[in-house]
2 protein chains.
Amino acid sequence: MSKDFEVAPDNYANWFALYHLCQKLGKRKEIHINSTEFGVLLSVSQQTASRRIQNLEELNWISRNIDGKQQIIEITELGTEIMLRMYRMLKKILDSILIAGEVSEGMGEGGYYVAIEGYYNQFKEKLGFEPYKGTLNLDLDEINYSLLREKLIDMRFVTISGFKDENRNFGDVKCHHCYVFPLKDKRNKVKAAILNIDRTHHGKNIVEILAEPFLRDYFNLKDGDRVIIELIYEDKPLS
Amino acid sequence: MSKDFEVAPDNYANWFALYHLCQKLGKRKEIHINSTEFGVLLSVSQQTASRRIQNLEELNWISRNIDGKQQIIEITELGTEIMLRMYRMLKKILDSILIAGEVSEGMGEGGYYVAIEGYYNQFKEKLGFEPYKGTLNLDLDEINYSLLREKLIDMRFVTISGFKDENRNFGDVKCHHCYVFPLKDKRNKVKAAILNIDRTHHGKNIVEILAEPFLRDYFNLKDGDRVIIELIYEDKPLS
DNA sequence: ATTACTAAAACCCGAGTAG
DNA sequence: TCTACTCGGGTTTTAGTAA
């Protein structure tokens, strides 16, 4: 895993050319594309597209067989490695971005559900702490919300099972382990959980946080204060 | 989530400029960098770096405060979205690449362990099938091995617990659910499991596969035949 | 129909330097 | 010091075509 490789300015166009080829590839092993089509794909002329393919071949990022009218392109190991490296770098970048939200009024309807006995006992047991019977509402802007969802895709979650009482059904609740801390005081991290990210309230991107202390008092928060959510990547197995 | 956005040829340099800024950012909210340093980062002159920053500002990918000698740069929502989109695209590309390996001689030492009673009963129970008492060895080239590891990072796994008998200790074994099928016959997928990816044998990238049938016969495989591993992304919670 | 060469046009970079 | 303008030179693109 050498760290010396970087795409240099005179290779930007080639990198994007490779990227577009990979997109076209899908699950197949090789691509049939002529330089005119490739030009359309890249928004450049046929001539430039042709030259790009020559460049990629010289770089050993692709290999090809020109067979009369047909040009069959394969991505080489090196080419795949180039893509993989960029993926890893972007992943690292996105992982390092902190998710921030603003303290929002109200306790969130989640707060009401937490206190219900059928849920509460499970929260205690499965989260490993005895939660305050209410939630902290954090309002995330589009990009923080989008990033949070992206990060949660690959994350393990805890399921609080739904149940029935005489009147109604209570659905499953999904939680994700996290820490929260105020932007102003990064030292003071509190173990917490994000509740049911799926449901959006009031058309805003509200995320409800569950923790042992009453966070508004504990962190001395006012509406609009910024709070950071730090996800916990569990390493535990499936079963 | 508009899908209309694509980085165009006249924006490649700007995209990479943004990428390098994001790398520099880390967990901070803003970057203090002058155009000379930025030039070094991008391997271009101070003048070009300066122009790049102007471009990024016009694109609304960054915002900045020039405060006499100091230039403070923040990535905008749009800028973050640009990065996020590329991340998603690359993720999609890598997900769609099939992992292939060549059938390799021998049964792998894993085959010996599978048959041991302390393990075997767990395999049966936790994998949901009664495995053949031997493994299929697949030899992956560097890039397939690298990709496999990358994909497994975010994946759930099944732990087969270690145990002790009178003579020795048997360690934990990690398995990942997957399907396997021969490259020649994509229709014929068999439920299988990848054993303990961590250990490399003989300096090669050997991956051992566990399945109910004796795969060499079932697929009529010879050494060197190519077999595809398709990972199964479980949606199950942690507990 | 292809790919890809040549040559002119368009574009970009960086040295010099202003503010 | 810094950013960023101008402009000459170099590079890249594309139109026209050859193969």
Side-chain angles (χ1 to χ4, degrees), chain A residues 6-22 24-25 28 30-76 79 82, chain B residues 6-25 28-76 79 82:
Chain A
E6 271 296 312
V7 178
D10 58 349
N11 255 340
Y12 291 165
N14 290 328
W15 188 88
F16 273 95
L18 180 64
Y19 163 70
H20 283 287
L21 278 176
C22 288
K24 249 244 160 312
L25 191 66
R28 271 160 289 112
E30 53 200 24
I31 310 159
H32 298 239
I33 195 169
N34 64 38
S35 54
T36 307
E37 290 175 75
F38 193 42
V40 173
L41 196 64
L42 300 182
S43 310
V44 295
S45 66
Q46 171 269 320
Q47 290 87 340
T48 298
S50 169
R51 202 156 24 79
R52 217 69 101 206
I53 291 175
Q54 293 174 62
N55 293 156
L56 293 180
E57 200 175 19
E58 279 160 30
L59 285 164
N60 195 27
W61 291 1
I62 66 168
S63 63
R64 71 177 159 158
N65 284 310
I66 315 169
D67 177 24
K69 293 198 182 298
Q70 280 253 299
Q71 178 174 234
I72 298 163
I73 295 174
E74 278 187 66
I75 314 289
T76 61
I82 296 287
Chain B
E6 271 297 311
V7 178
D10 58 350
N11 255 338
Y12 291 166
N14 290 328
W15 188 89
F16 274 95
L18 180 64
Y19 163 71
H20 283 288
L21 277 176
C22 288
Q23 274 192 303
K24 247 239 159 318
L25 190 66
R28 272 161 289 112
K29 194 169 162 283
E30 52 199 24
I31 311 159
H32 297 239
I33 195 169
N34 64 38
S35 54
T36 307
E37 289 174 76
F38 193 43
V40 173
L41 196 64
L42 300 182
S43 310
V44 296
S45 67
Q46 172 269 321
Q47 290 87 339
T48 298
S50 168
R51 214 177 12 195
R52 218 69 100 206
I53 291 174
Q54 293 175 63
N55 292 156
L56 293 180
E57 201 176 18
E58 278 160 30
L59 286 164
N60 194 27
W61 292 0
I62 67 168
S63 64
R64 70 178 159 158
N65 283 311
I66 316 169
D67 177 23
K69 294 200 182 297
Q70 281 253 299
Q71 178 173 235
I72 298 164
I73 295 175
E74 277 187 67
I75 314 289
T76 60
I82 296 288

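These figures come from a predicted structure and were not determined experimentally.
- Residue B:I62 contributes atom CD1, which lies 12 Å from atom P of D:dT3 at whole-angstrom precision.
- Sequence order on DNA chain C of the closest nucleotides to A:S35 and B:T48 puts A:S35 first from the 5' end.
- Rounded to whole Å, atom P of D:dT11 lies 15 Å from atom CG of A:N55.
- Smallest separation of non-hydrogen atoms from A:F16 and A:L42: O-CD2, 4.3 Å.
- The closest side-chain donor-acceptor pair between A:T36 and A:Q46, if any, does not fall under 3.5 angstrom.
- Checked by distance alone, A:Q46 brings a side-chain donor or acceptor within 3.5 Å of a matching partner on the base of C:dA4.
- Here the closest heavy-atom approach between residue A:L18 and residue A:I75 is recorded as CD1-CD1, 4.0 Å.
- Between A:R52 and D:dT12 there is no side-chain N or O to OP1 or OP2 distance below 4.0 Å.
- When rounded to the nearest whole Å, the span between CD1 of B:I66 and C1' of D:dT3 equals 7 Å.
- Ranking C:dA4, D:dT13, C:dG14 by closeness to the B:R51 side chain, first place goes to C:dG14.
- Of the candidates C:dA4, C:dT3, D:dT13, the closest approach to any side-chain atom of A:N34 belongs to C:dT3.
- One can find a donor-acceptor pair under 3.5 Å joining the base of C:dA15 and the side-chain atoms of B:Q47.
- Other residues, nucleotides and ligands contribute at most 12 non-hydrogen atoms within 6.0 Å of the CG atom of B:N65.
- A pairwise comparison of heavy atoms in B:L21 and B:I73 identifies CD1-CG2, 4.2 Å as the closest pair.
- Taking atom CD on A:Q54 and atom P on D:dT12, their separation rounds to 14 Å, with Å as the unit.
- Across the protein-nucleic acid pair, B:N65 atom CG and D:dT3 atom C1' stand 15 Å apart, rounded to whole Å.
- Atom CD in A:E37 sits roughly 8 Å away from atom P in C:dT2 (whole-Å rounding).
- Between the P atom of C:dT3 and the CD1 atom of A:I33 lies a distance of 10 Å, rounded to the nearest Å.
- Between the C1' atom of D:dT14 and the CG atom of A:L42 lies a distance of 14 Å, rounded to the nearest Å.
- Proximity of B:Q71 to the phosphate of D:dT3: a side-chain N or O atom is located under 4.0 Å from OP1 or OP2.
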